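Only one structure is covered here, and it is reproduced in the block below.
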Amino acid sequence: MSAYKSDFLNVLASRGFIHQVSEPEALDALARTSKVTGYIGFDCTASSLHVGSLLPIMMLHWMQQTGHRPIALMGGGTTRVGDPSGKDESRKLLTDDMIAANLKGIRAVFAKFLKFEEAGGNAVMANNADWLNALNYIDFLRDIGRYFSINRMLAFDSVKLRLERQQELSFLEFNYMILQAYDFVELYRRHGCVLQLGGSDQWGNIVNGIDLGRRLHNAQLFALTAPLITTSSGAKMGKTAAGAVWLNADLVSPYDYWQYWRNTEDADVARFLKLFTVLPLDEVNRLAGLKDAEINEAKKVLATEATALVHGRAAADEAAATARTTFEEGGLGAGLPTIEVSRGELKTGLSVLATFVKAGLAASNGEVRRAIANNAILINDERVTDEKRMIGEADVTADGVVKLSLGRKRHVLLKPI
């Protein structure tokens with residue numbers, strides 16, 4: 001049971017979001033009596049966020065739902081440097097145009113979880129390029145840099161681990177933690193922001209910001225971190241054999257996104273229902289109590305609810321219906337991912353190896369060969385045993401498609417045009 005008295009911290013604690021809080025009693029008291037403004041930063045290193053970013057987004061969601069004001073800080077400035085936390089090597093440096101394009105791609109996700117000012121809510125989307133890009137280096141060193149101890153910075157895990165592994169850490173990246181601390185202070189000045197949230201690997205960086213705020217403005221600022229999420233088998237959240245599980249539909253279809261959650265390990269279902277859906281805890285506990293084969297029903301609820309948050313209820317229901325048709329009724333779900341091929345190509349014949357790679361069911365011809373050896377490749381639900389097998393006109397079903405399957409769970413339709 002949570003010992004917190006404010007709705008904000010009580011909800012976060014009861015759903016499993018809290019790893020560490022600085023001055024928990026003071027923050028709890030403030031959240032009970034005032035509207036707290038808090039932020040999380042998101043660097044613009046890709047055109048979409050992935051499932052690994054869902055946890056911080058959900059923290060901002062619950063912050064707003066419990067009456068407070070969340071800020072989603074886009075790292076238009078810090079992305080030019082790169083966060084060394086958890087990295088063995090330097091990030092690839094992006095051009096300003098690439099950062100701007102990525103920023104555009106990830107903005108849309110937040111509107112699904114937060115109600116911004118232009119939509120009648122109080123959430124704020126800020127961009128640290130607004131203040132970082134205009135900094136005068138000498139002034140910044142004199143006014144801000146003097147508060148940072150190299151001895152202390154060298155002790156932070158993000159730096160220490162890189163040095164212990166004898167991996168190069170550039171001066172550019174070494175500056176990242178100073179810029180992040182400065183972001184916190186700048187958001188305090190501009191928006192009255194007193195709380196920074198993030199993953200547990202960000203604790204040292206956030207504490208730097210708290211210390212800088214105290215030194216510059218005698219401000220009382222707070223840190224709240226969430227546990228870093230791995231699956232029960234130890235896998236990193238949001239990674240699959242096929243790559244990252246992106247939140248944008250043009251990169252990962254709603255159906256594939258639904259399948260990702262449907263394939264959750266049994267031991268993770270209750271935890272993920274709390275973290276990645278908005279279902280009431282009573283319902284989460286009921287679902288968590290399901291045992292043996294019934295746990296699959298809980299996984300379907302998790303998949304549908306998690307997909308509805310990102311892609312909308314209609315797309316989530318369609319994905320669930322497609323899975324039901326495909327797996328339980330032995331039919332062809334209309335919502336299955338589809339790739340198109342010309343009738344001419346089909347007439348000539350398509351290599352099973354190249355086609356499964358093109359469909360995204362495998363990363364290489366070698367991977368398809370291994371899957372054939374393991375009896376995991378199917379065409380129209382019939383097992384493929386010969387790697388020289390060609391896909392042709394005769395394989396087109398009465399539904400006008402060819403069903404490609406990797407195991408029992410991954411399917412793509414091949415459609416002649």
Side-chain angles (χ1 to χ4, degrees), residues 1-42 53-73 110 112-117 119-126 183-185 187-211 213-214 217-229 270-285 288 305 309:
M1 285 295 292
S2 165
Y4 295 111
K5 294 175 182 174
S6 64
D7 285 348
F8 171 47
L9 292 183
N10 189 39
V11 166
L12 287 192
S14 59
R15 298 189 80 99
F17 285 97
I18 296 182
H19 177 68
Q20 272 180 291
V21 185
S22 68
E23 301 183 77
E25 295 85 2
L27 180 59
D28 194 29
L30 186 67
R32 281 183 71 197
T33 57
S34 311
K35 185 178 286 187
V36 172
T37 299
Y39 90 98
I40 301 178
F42 299 85
S53 299
L54 266 186
L55 190 88
I57 293 172
M58 290 302 295
M59 291 168 82
L60 292 179
H61 169 81
W62 287 116
M63 184 172 197
Q64 187 168 45
Q65 293 301 307
T66 52
H68 302 283
R69 183 169 66 148
I71 299 176
L73 177 66
F110 290 92
K112 298 171 183 178
F113 293 87
L114 302 173
K115 197 169 185 182
F116 288 97
E117 290 171 336
N122 68 346
V124 174
M125 182 165 280
D183 281 346
F184 198 172
V185 173
L187 288 171
Y188 170 75
R189 287 176 184 151
R190 291 174 178 233
H191 299 285
C193 179
V194 296
L195 171 65
Q196 186 181 349
L197 307 97
S200 58
D201 60 335
Q202 294 294 320
W203 181 258
N205 288 345
I206 300 175
V207 168
N208 264 341
I210 290 174
D211 188 49
R214 181 180 53 78
H217 301 293
N218 199 27
Q220 185 176 25
L221 306 179
F222 299 93
L224 190 157
T225 60
L228 294 180
I229 303 297
R271 183 167 56 126
F272 287 1
L273 281 165
K274 287 180 184 177
L275 293 171
F276 302 115
T277 79
V278 293
L279 288 174
L281 289 179
D282 287 350
E283 177 63 4
V284 169
N285 292 333
E305 294 301 315
L309 284 175

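Everything numeric in this text was worked out from a predicted model, so none of it was measured.
Taking the side chain as every heavy atom from C-beta outward, Arg69 and Leu195 never approach each other to under 4.5 Å. At a threshold of 4.5 Å between non-hydrogen side-chain atoms, the residues Gln65 and Val278 do not count as touching.
Here the rule is side-chain contact (heavy atoms from CB on, under 4.5 Å) with Cys193, and of Leu221, Ile71, Asp183 only Ile71 fits it. Considering Asp201, Asn205, Val207, Ile206 as possible partners of Trp203, the one that fulfils the side-chain contact (heavy atoms from CB on, under 4.5 Å) test is Val207.
The aromatic rings of Phe42 and Phe110 sit perpendicular, their planes meeting at an angle over 60°, well past the 30° parallel limit. Using cut-offs of 30° and 60° for the angle between ring planes, the Phe113 and His61 rings count as perpendicular.
In terms of heavy-atom proximity, Ala26 sits nearest to Phe222 at CB-CE2, 3.8 Å. Here the shortest heavy-atom pairing between Ala226 and Met59 reads CB-SD, 3.7 Å. In this structure, Leu279 and Val284 approach most closely via the heavy-atom pair O-CG2, 3.8 Å. Here the shortest heavy-atom pairing between Ser22 and Ile210 reads OG-CD1, 3.8 Å. Among all heavy-atom pairs drawn from Ala31 and Val36, the shortest one is CA-CG2, 3.8 Å. Shortest non-hydrogen contact noted between Asp28 and Ser6 is OD1-OG, 2.6 Å.
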Audit row: Leu309, Glu305, side chain to side chain contact (heavy atoms under 4.5 Å, CB included) steps and yes/no = CA-CA 7 Å; Leu309 284 175; Glu305 294 301 315; over 6 Å; no

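Taking the side chain to side chain donor-acceptor pair (under 3.5 Å) definition, one finds that Glu23 meets it with Gln220, sequence neighbours left out.
Once rounded to the nearest 0.5 Å, the distance linking CD1 of Ile57 with CZ of Phe276 reads 10.5 Å. The distance from the CG atom of Leu54 to the CG atom of Leu275 is 10.0 Å, given to the nearest 0.5 Å.
Panel note: side chain Gln64, backbone Lys115; a donor-acceptor pair is recorded below 3.5 Å.
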